[in-house]
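Comments concern the structure below.
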Amino acid sequence: ERLFFVWTGMYSVDPANRDAIARLCLSVDLIWVQKKRTQPIMIESFIFGLSGIFETDHSTDVYYQQLSRQFKILKSLYQLEPLNRTFIKKGSSRPEAHTSIRLAWLCSLVISHDRLSEVFYHSNSIKEIRKLLDVQLSGYWSYHYDFGVLRKKSVKHILGKQGMDILLINAILPLCLFRARVLNQPNLTSKFYQFYFQLSSENNRIIRNLKTHGIVTSSAADSQAAMYLFKNFCSQYQCLTCKFSPYLLPDSNSINLVE
């Protein structure tokens with residue numbers, strides 16, 4: 001359960017913040033959170049407080065002050081130790097990708113679902129998992145993307161298809177696959193493998209670079225395989241031991257890595 005929470009938190013934010021958010025998620029008492037699911041303000045004060053925001057930032061925003069006061073009580077009661085605020089950056093300039101709004105989304109996720117590992121693991125389709133991820137933000141965060149910073153128009157959901165796919169490819173599906181293989185459940189293992197073929201290929205620097213050399217990726221299964229090859233062969237100068245090197249000669253045709 002903790003792995004699902006940590007990895008989901010990590011891949012919901014910008015890469016620059018992933019290590020810090022992982023540390024934050026590791027410090028969260030999930031049993032306590034599950035017991036307090038009916039008290040959203042308590043959970044938001046707990047998670048935002050552990051991020052260190054109330055230790056250094058001093059907003060006059062009413063909701064900020066409410067959460068800050070609540071966290072002071074929790075901090076004293078449970079002897080909590082927040083992260084150093086400098087570890088977590090503000091994040092993207094895009095409102096939907098701002099670190100505060102992503103933490104608010106993470107709070108809404110654990111409030112909406114009792115056990116993340118179970119609801120993801122027993123999902124029967126990509127559509128079903130996306131629906132689980134598409135949680136509604138609390139009232140305050142529908143109108144703000146940071147404390148005291150209003151949006152131009154209200155929103156209820158912040159994760160688009162691309163954001164959900166990043167979570168699926170890098171966090172949810174790998175953990176589901178690992179669990180299915182450890183528990184020796186071949187039907188579920190096959191199901192999660194097939195989910196990779198149903199997702200679009202990633203579009204990052206590595207994939208775009210490989211495309212110029214004729215490596216075509218049409219699904220997430222392809223792009224994951226391509227990135228594995230790049231990290232373990234190309235970047236390690238292991239060209240002679242890579243079975244795809246003959247295809248990368250100047251006159252080679254495009255190939256598909258996963259057949």
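Residues Leu168 and Asp165 form a side-chain contact, since some pair of their non-hydrogen atoms from C-beta on lies under 4.5 Å apart. For the pair Arg179/Leu175, no side-chain contact is recorded, criterion being any heavy-atom separation below 4.5 Å from C-beta on. Residues His144 and Arg151 form no side-chain contact, since every pair of their non-hydrogen atoms from C-beta on lies 4.5 Å or further apart. At least one side-chain heavy atom of Tyr196 sits under 4.5 Å from a side-chain heavy atom of Pro174. Contact of the Leu80 side chain with the Phe71 side chain is registered, since non-hydrogen atoms from C-beta on lie closer than 4.5 Å. Annotation: side chain of Asn232 is not in contact with side chain of Gln238 (no heavy-atom distance under 4.5 Å). Contact annotation: the side chain of Phe195 approaches that of Ile129 to within less than 4.5 Å [non-hydrogen atoms, C-beta and beyond]. Inter-residue side-chain proximity for Asn170 and Glu202 is flagged as met; some heavy-atom pair is nearer than 4.5 Å.
Expressed to the nearest 0.5 Å, how far OG of Ser45 lies from NZ of Lys75 amounts to 13.0 Å. Rounded to the nearest 0.5 angstrom, Phe192 CZ and Cys176 SG are separated by 4.0 Å. The line from NE2 of His122 to CZ of Arg115 is 9.0 Å long, rounded to the nearest 0.5 Å. With rounding to the nearest 0.5 angstrom, the CZ atom of Phe5 is 7.0 Å from the CG atom of Leu24. Leu133 contributes atom CG, which lies 7.5 Å from atom OG1 of Thr8 (distance to the nearest 0.5 angstrom). Note: Leu106 CG to Ser51 OG = 11.0 Å, rounded to the nearest 0.5 Å.
For Phe48 against Ala104, the heavy-atom pair with the smallest separation is CZ-N, 3.8 Å. For the pair Arg2 and Leu26, the tightest heavy-atom approach, listed with the atom from each and the gap, is NH1-O, 3.2 Å. The two residues Pro82 and Gly49 have their closest heavy-atom pair at CB-O, 3.3 Å. Nearest heavy atom pair, residue Arg23 against residue Phe87, reads NH1-CE1, 3.2 Å. Ser108 approaches Val135 most closely through the heavy-atom pair CB-CG2, 3.8 Å. When all heavy atoms of Glu81 and Leu50 are compared, the pair lying nearest together is O-CD2, 4.3 Å.
The hydrophobic clustering, which links ILVMFWY residues whose side-chain heavy atoms are closer than 4.5 Å, places Met42 and Val62 apart. Residues Tyr193 and Phe178 fall into different hydrophobic clusters, defined by Ile, Leu, Val, Met, Phe, Trp and Tyr side chains chained together at heavy-atom separations under 4.5 Å. Note on Leu67: it does not cluster hydrophobically with Leu150, by side-chain heavy-atom contacts below 4.5 Å among ILVMFWY residues. Residues Ile166 and Trp7 share a single hydrophobic cluster, defined by chaining ILVMFWY side chains whose heavy atoms lie under 4.5 Å apart. A continuous path of ILVMFWY side-chain contacts below 4.5 Å connects Trp32 to Leu77, so both sit in one hydrophobic cluster.
Between Phe46 and Tyr78, the distance from one ring center to the other does not fall under 6.0 angstrom.
A distance-only check finds a donor-acceptor pair linking the side chain of Asp61 to the backbone of Tyr63 [under 3.5 Å]. Between the side chain of Ser100 and the backbone N or O of Asp146 there is no donor-acceptor pair closer than 3.5 Å. The backbone N or O of Asp222 lies less than 3.5 Å from no partner atom in the side chain of Thr217, so there is not a single donor-acceptor pair. For Arg102 (side chain) and Ser12 (main-chain N/O), a donor-acceptor pair under 3.5 Å exists by modelled atom type. A donor-acceptor pair under 3.5 Å is formed between the side chain of Asn17 and the backbone N or O of Lys89. The main-chain N or O of Leu132 is found under 3.5 Å from a side-chain atom of His113 such that the two form a donor-acceptor pair. Under a 3.5 Å cut-off, the side chain of Lys161 and the backbone N or O of Arg130 do not form any donor-acceptor pair. Looking only at distances, a side-chain donor or acceptor of Ser223 sits under 3.5 Å from a matching main-chain atom of Ala220. Side chain of Glu96 to backbone of Leu159: no donor-acceptor contact under 3.5 angstrom is found. Listed for the Ser219 side chain is no donor-acceptor partner under 3.5 Å among the backbone atoms of Gln198.
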| query | Given the rule in the side chain to side chain contact (heavy atoms under 4.5 Å, CB included) test, do Ile206 and Lys231 qualify, once you have shown the distances and angles that lead to the verdict? | reply | CA-CA 9 Å; Ile206 293 174; Lys231 291 176 181 178; 4.2 Å; yes
| request: Test side chain to side chain contact (heavy atoms under 4.5 Å, CB included) on Leu229 and Leu210 and set out the steps. | output: CA-CA 10 Å; Leu229 288 174; Leu210 291 174; over 6 Å; no
| task | Kindly determine whether Gln39 and Ile43 satisfy side chain to side chain contact (heavy atoms under 4.5 Å, CB included), including the steps that lead there. | result | CA-CA 7 Å; Gln39 303 177 61; Ile43 290 179; 5.9 Å; no
| task | Evaluate the side chain to side chain contact (heavy atoms under 4.5 Å, CB included) criterion for residues Leu103 and Ile21: first the C-alpha distance (whole Å), next the side-chain angles of each, then the deciding distance (0.1 Å), finally the verdict. | result | CA-CA 9 Å; Leu103 286 179; Ile21 296 301; 4.0 Å; yes
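Atom CG of Leu183 has more than 12 neighbouring heavy atoms from other residues, nucleotides or ligands inside a 6.0 Å radius. With a 6.0 Å radius and a threshold of 12 heavy atoms from other residues, nucleotides or ligands, Lys156 has its NZ atom above the threshold. A 6.0 Å sphere centred on NZ of Lys211 holds no more than 12 heavy atoms belonging to other residues, nucleotides or ligands. Counting non-hydrogen atoms of neighbouring residues, nucleotides and ligands closer than 6.0 angstrom, the CZ atom of Arg37 exceeds 12 such neighbours. More than 12 heavy atoms of other residues, nucleotides or ligands sit less than 6.0 Å from atom CZ of Arg208. More than 12 heavy-atom neighbours from other residues, nucleotides or ligands sit within 6.0 angstrom of CG on Asp29.
Among Trp105, Trp141, Tyr145, the single residue meeting the ring-ring contact (aromatic ring centres under 6.0 Å, His included) criterion with His98 is Tyr145. Only one option out of Val155, Ile158, Val149 pairs with Ile101 in a side chain to side chain contact (heavy atoms under 4.5 Å, CB included); it is Ile158.
Under 3.5 Å, the side chains of Tyr121 and Gln185 contain a donor-acceptor pair of N or O atoms. Inspection of the Glu44 and Tyr140 side chains reveals no N or O donor paired with an N or O acceptor under 3.5 Å.
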